[in-house]
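Working notes for the structure below.
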Amino acid sequence: MSNHQELLIRTPDDFSFPENLEYLSRSADECMFHIQDSRVTRAIEVDGKPVLFVMEENPDGILVTLTGEGDEVKAGVEQFVRDWLDLGRDLMPFYELGERDPLLREAVRRHRGLRVVGIPDLFETFVWAILGQQITVAFAYVLKRRFVETFGQAIEADGVIHYLFPSAEKVAGLDPEALRELKITGRKSEYIIGIARLIAAGELTKEGLLALGDDRTVEHRLTAIRGIGPWTANYVLMRCLRSPDAYPAADVGLHNALKLVAGLDRKPTLPEVEAFAEPWKGWRAYATFYLWRYLSSESEQG
DNA sequence: GTCCAGGACTCGC
DNA sequence: GCGAGTCATGGA
C-alpha cells in the first residue's frame with residue numbers, strides 16, 4: 001500500500017493514552033470512530049478530501065497511520081489529533097490545583113493524563129450539544145448515530161464503514177420532518193437546521209468565535225441564537241473552542257458529580273455549583289470534564 | 001405509572 | 001425578571 005504514511009506525535013508527560021482511550025470507548029453507539037484492540041480508526045476531511053487514519057499508543061507518543069499522500073494531508077491529520085486530544089496544553093497548573101482541592105483530588109488522581117477530548121468541527125459540536133440537551137447521554141448517542149448514518153458520507157475500509165459528519169450545507173437544506181423521523185424532537189430539529197444555515201451561510205465560524213476573545217463575549221454571541229442557552233454555549237466553548245475555563249453550570253451530570261464528591265444528600269443549587277467552582281477559575285472546563293469522568297467511573301462499579 | 005436524563009423556549013404575571 | 005408549563009424519548 002503505497003499511499004500509507006506514518007506519523008509519530010510526541011505526547012507530554014501528563015498525557016495518558018489509556019485514560020483517553022477509556023473515555024473514547026464510553027459508548028458502543030459512537031459512530032465517528034471505531035475502537036478495536038486499543039487502536040482508534042477514524043475518517044476526517046483534510047482540504048476537502050476524506051482521509052482515514054489509525055492511532056495507537058507508542059513508547060514515544062501516539063503512532064498514527066494514515067491513508068493519503070503528501071505532507072499537507074499528514075500535517076492536517078497531525079493538527080486534527082493534536083486538537084482532538086488537546087495535546088498542546090500544559091496540565092501541571094490544573095494538577096497542582098487538583099491536589100489542593102478536596103472535591104477534585106480523587107478525580108484528578110484517578111484519571112491523570114485525561115484530556116478534555118475535543119470536537120474539532122464546530123457544526124458537529126453544536127449538533128452533539130443540542131442532541132444532548134435534557135436526555136441521557138446514551139440516548140443522545142443513538143440519535144447522533146441515526147443522524148450521521150442518514151446524512152453523513154460513508155467511507156468503507158477493510159469491511160468497516162466510517163462516516164464523515166454531515167455537512168452544515170447538507171443539513172441546511174433539510175426539512176425538520178426529516179430529523180423528526182429519527183426521533184429527534186421537533187424543536188431540536190429546528191435548532192439544528194437553524195445552526196446549519198448560519199454555518200453554511202458563513203455567518204457562524206469557529207475562527208469568528210475564537211476572534212471574539214473572552215468566554216463571556218462568545219457566550220453572549222451564542223446564546224443569541226435560537227436553541228443555544230448558557231449550557232450549550234459553554235459546552236461549545238469547552239469541547240470545540242477549547243476554553244479551559246468554560247463552565248456548563250446547569251449540567252445535570254456536573255450536579256450529580258458534585259453531590260457525590262461533596263457528600264451532599266441532594267443535588268447542589270445553582271449558587272452552590274458556582275461557589276464550588278470558585279477555586280477552579282481558569283480550569284473549570286477541565287474540572288467539569290474530570291468530574292464527569294469520575295462520576296461515570298464510580299457508577300460503573302455499581 | 002412515575003421520575004429523570006450532559007436544557008431551552010414560551011407564556012403569564 | 002422569574003416561575004411554571006412544554007417539549008419528546010427511553011431507561012430505571
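In what follows, chains are A, B, ... by sequence order, proteins preceding strands, each numbered from 1. Atoms considered below: every heavy atom in the structure, side chains included; atoms not considered: hydrogens, waters and symmetry mates.
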Report yes or no: is the cationic atom of A:R26 (NZ for Lys, CZ for Arg) closer than 6.0 Å to the six-membered ring centre of A:W292, at no more than 45° off its axis? no
inquiry  = Taking any heavy-atom pair under 4.0 Å as a contact, classify A:T232: base, sugar-phosphate, or nothing.
reply    = sugar-phosphate
Using side chain to side chain donor-acceptor pair (under 3.5 Å) as the criterion, list what pairs up with [X], not counting sequence neighbours.
X: A:D47; result: none
X: A:Y286; result: A:D86
X: A:R109; result: A:E99
X: A:K206; result: A:D83

Note: contacts of residues 220-231 of chain A with DNA chain C (heavy atom, under 4.0 Å) are none
With a 4.5 Å limit on heavy-atom distance, are the side chains of A:K144 and A:M32 in contact? yes
- Should A:P12 and A:R115 count as side-chain neighbours, where that means a heavy-atom distance under 4.5 Å? yes
[atom1] spacing across the pair [N] / [M], given as an integer number of angstrom:
N: C:dA8; M: B:dC11; atom1: P; answer: 15 Å
N: C:dG5; M: B:dT2; atom1: P; answer: 15 Å
N: C:dA4; M: B:dC3; atom1: P; answer: 16 Å
N: C:dG11; M: B:dA8; atom1: P; answer: 24 Å

Could you list all the side-chain hydrogen bond (donor to acceptor under 3.5 Å, both in side chains) pairs where at least one residue sits in [range], not counting sequence neighbours?
range: residues 264-285 of chain A; value: A:D101-A:W280, A:D245-A:R284, A:R266-A:E272, A:T269-A:E272, A:E278-A:K281
range: residues 50-60 of chain A; value: A:R39-A:E56
range: residues 220-230 of chain A; value: A:E190-A:R226

Whole-Å distance, A:F126 CZ to B:dA8 P, equals 12 Å
Taken to the nearest whole Å, CH2/A:W292 to P/B:dA5 is 14 Å
**Asked** With a 6.0 Å cut-off on ring centres, are A:Y191 and A:F126 close enough?
**Response** no
Between the protein and nucleotides 8-10 of chain C, which nitrogen or oxygen pairs come in under 3.5 angstrom?
from, atom 1, to, atom 2, distance (Å)
C:dA8, OP1, A:G186, N, 2.6
C:dA8, OP1, A:R187, N, 3.0
C:dT9, OP1, A:R180, NH2, 3.3

So OG of A:S167 and CD1 of A:I199: to nearest 0.5 Å the spacing works out to 10.5 Å
Residues at least two apart in sequence or cross-chain that pass side-chain contact (heavy atoms from CB on, under 4.5 Å) with A:D90, listed by chain then number, are A:D14, A:M92, A:P93
- Task: Answer yes or no: does a side-chain N or O of A:N234 lie under 4.0 Å from OP1 or OP2 of B:dG7?
- Result: no
When pairs are called at under 3.5 Å and a stem needs at least three consecutive Watson-Crick or G-U pairs, the stems of DNA chain B are B:2-5 with C:9-12, B:7-13 with C:1-7
Note: contacts of residues 257-278 of chain A with DNA chain B (heavy atom, under 4.0 Å) are A:K267
